[in-house]
Student: 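Quick one: the structure is below, questions incoming.
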Amino acid sequence: MEIIVERTPADVAVTAADIVAAHVTGAERPVLGLATGSTPLPTYRELIRRHREEGLRFARCRAYLLDEYVGLPAAHPQSYHATIRREFTAHVDIPDAAVHSPDGTAADLAAECARYDREVTAQGVDVQLLGVGTDGHIGFNEPGSALDSTTRPTTLHPQTVRDNSRFFGGEDAVPRHVLTQGLGTILRAGHLLLLATGAAKAGPVAALVGGPVTTTCPASVLQLHPRATVVLDAEAAAGLG
Ligand code: F6R
């Protein structure tokens with residue numbers, strides 16, 4: 001695992017954008033794995049800036065999201081379908097139809113997850129952006145997720161419901177059920193790029209980098225990947241020896 005410690009979240013965004021841009025310009029048909037949540041937002045803003053000011057082109061890219069809430073229609077502002085468009089893809093030249101996410105309103109959620117897993121795996125993600133939850137989750141693989149899990153419906157940990165209530169104006173409005181790429185699915189990407197900023201991430205970062213590979217800290221599976229890069233700000237790196 002490669003660990004890069006930067007000073008501020010803005011520095012993390014520049015380094016992460018460098019890595020993503022190298023994949024975007026280095027492949028014939030780049031496949032981007034995108035995360036939502038707060039952590040990658042400065043990176044998306046930096047990529048949008050490079051698109052506008054430096055001609056970084058995403059037209060040949062396809063993108064796959066990690067996860068989605070069950071029951072939120074695509075048009076709901078907090079669906080990840082809508083969020084990734086609002087925060088990133090609508091501001092660059094990637095075709096809208098090339099931005100994929102699992103359908104949290106599908107009648108048969110298990111079948112939708114199996115379909116999505118097959119598609120993500122067949123396309124082959126070149127670089128997968130990841131954040132980490134305060135409980136160590138990646139995607140929505142909460143503690144206890146099998147290390148070889150595939151895309152599936154699952155239930156959020158109460159800590160994640162609390163963490164994500166800021167997007168919904170209160171805990172009661174946060175959907176409890178989600179669809180997520182599995183840890184096994186995520187591990188198939190060519191390059192894993194996990195970003196963490198802020199003091200609340202120091203604990204999970206110390207566990208994922210220096211602890212055992214364990215379902216108690218799902219992000220620790222990065223230790224099993226041949227090409228994993230972790231980019232941290234000083235606060236998130238505070239627990240590293
Ligand atoms: C979101 C996702 C989650 C977040 C994690 C951290 O698509 O997969 O694993 O990356 O919950 O969220 P933030 O960045 O908001 O702290």
Side-chain angles (χ1 to χ4, degrees), residues 9-10 12-13 16 20 32-45 63-70 72 74 76-89 99-104 113 116-117 120 125 127-145 149 151-168 171 174-187 189 192-205 207-208 215 217-222 228-233 235-236:
V12 168
V20 173
L32 308 179
L34 301 179
T36 48
S38 303
T39 310
L41 294 180
T43 300
Y44 293 148
R45 284 196 286 271
Y64 286 86
L65 268 65
L66 281 169
D67 38 25
E68 183 58 279
Y69 291 107
V70 168
L72 291 195
H76 188 289
Q78 293 311 327
S79 76
Y80 286 166
H81 177 103
T83 300
I84 201 67
R85 284 167 171 77
R86 184 175 64 246
E87 302 293 355
F88 180 39
T89 60
V99 181
H100 305 274
S101 47
D103 179 1
C113 287
Y116 193 70
D117 203 270
V120 170
V125 171
V127 60
Q128 176 65 60
L129 270 166
L130 296 165
V132 61
T134 56
D135 64 356
H137 71 236
I138 52 172
F140 278 135
N141 293 279
E142 298 285 26
S145 299
S149 49
T151 305
R152 65 197 185 287
T154 187
T155 303
L156 293 182
H157 190 281
Q159 180 61 47
T160 305
V161 172
R162 276 195 291 280
D163 288 346
N164 288 5
S165 64
R166 68 192 192 279
F167 298 116
F168 288 88
E171 280 185 37
V174 182
R176 270 28 181 193
H177 300 287
V178 292
L179 308 181
T180 184
Q181 286 189 34
L183 295 174
T185 318
I186 292 168
L187 285 173
L192 300 182
L193 175 58
L194 185 142
L195 313 180
T197 54
K201 301 298 172 68
V205 163
L208 86 89
T215 58
C217 177
S220 64
V221 292
L222 265 73
T229 304
V230 175
V231 187
L232 308 168
D233 72 352
E235 289 186 345

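Numbering of ligands and ligand atoms starts at 1, following listing order.
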Student: Identify, by atom number and element, the atoms of ligand 1 in contact range of G131, meaning under 4.0 Å from any of its heavy atoms.
Tutor: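 Matching atoms, with element in brackets: 10 (O).
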Student: With a cut-off of 4.0 Å, which atoms of ligand 1 are near a heavy atom of L66?
Tutor: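 Atoms satisfying the 4.0 Å criterion: 8 (O).
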Student: Quick one: pull up CG in L222 and CG in L192 and give me the separation to the nearest 0.5 Å.
Tutor: 5.0 Å
Student: For H81, which residues count as a ring-ring contact (aromatic ring centres under 6.0 Å, His included) partner, sequence neighbours excluded?
Tutor: none
Student: Side chains of T197 and D233: is there a donor and an acceptor less than 3.5 Å apart?
Tutor: no
Student: How far does OG1 of T134 sit from CZ of R162, to the nearest 0.5 angstrom?
Tutor: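 That separation rounds to 8.5 Å.
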Student: Could you tell me whether F167 and Y69 have their ring centroids closer than 6.0 angstrom?
Tutor: no
Student: Can you sort out which atoms of ligand 1 are near G139, meaning under 4.0 Å from one of its heavy atoms?
Tutor: 2 (C), 3 (C), 8 (O), 9 (O)
Student: Out of D67, T39, V178, indicate the one that has the non-hydrogen atom closest to atom 13 (P) of ligand 1.
Tutor: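 Heavy atom nearest to atom 13 (P) of ligand 1 belongs to T39.
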Student: Among all the protein's non-hydrogen atoms, which is closest to atom 5 (C) of ligand 1, and how far away is it?
Tutor: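 Here the closest protein heavy atom is H137 NE2, 3.4 Å.
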Student: With sequence neighbours excluded, what pairs up with D103 under the salt bridge (Lys or Arg N to Asp or Glu O under 4.0 Å) test?
Tutor: none
Student: Under 4.0 Å from ligand 1, counting heavy atoms only, is it the side chain of V132, its backbone, both or neither?
Tutor: backbone
Student: Does one side chain, of T185 or R152, offer a donor that lies under 3.5 Å from an acceptor on the other?
Tutor: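 Result is no, nothing qualifies.
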Student: Could you tell me if any non-hydrogen atom of E68 lies under 4.0 Å from any atom of ligand 1?
Tutor: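 No, E68 has no heavy atom closer than 4.0 Å to ligand 1.
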Student: Any nitrogen or oxygen of T36 lying under 3.5 Å from a nitrogen or oxygen in ligand 1? Just yes or no.
Tutor: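 N/O-N/O distance under 3.5 Å: yes.
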Student: Distance to 0.1 Å, residue and atom name: give those for the protein heavy atom nearest to atom 16 (O) of ligand 1.
Tutor: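 Among all protein heavy atoms, the one nearest atom 16 (O) of ligand 1 is K201 NZ, 2.6 Å.
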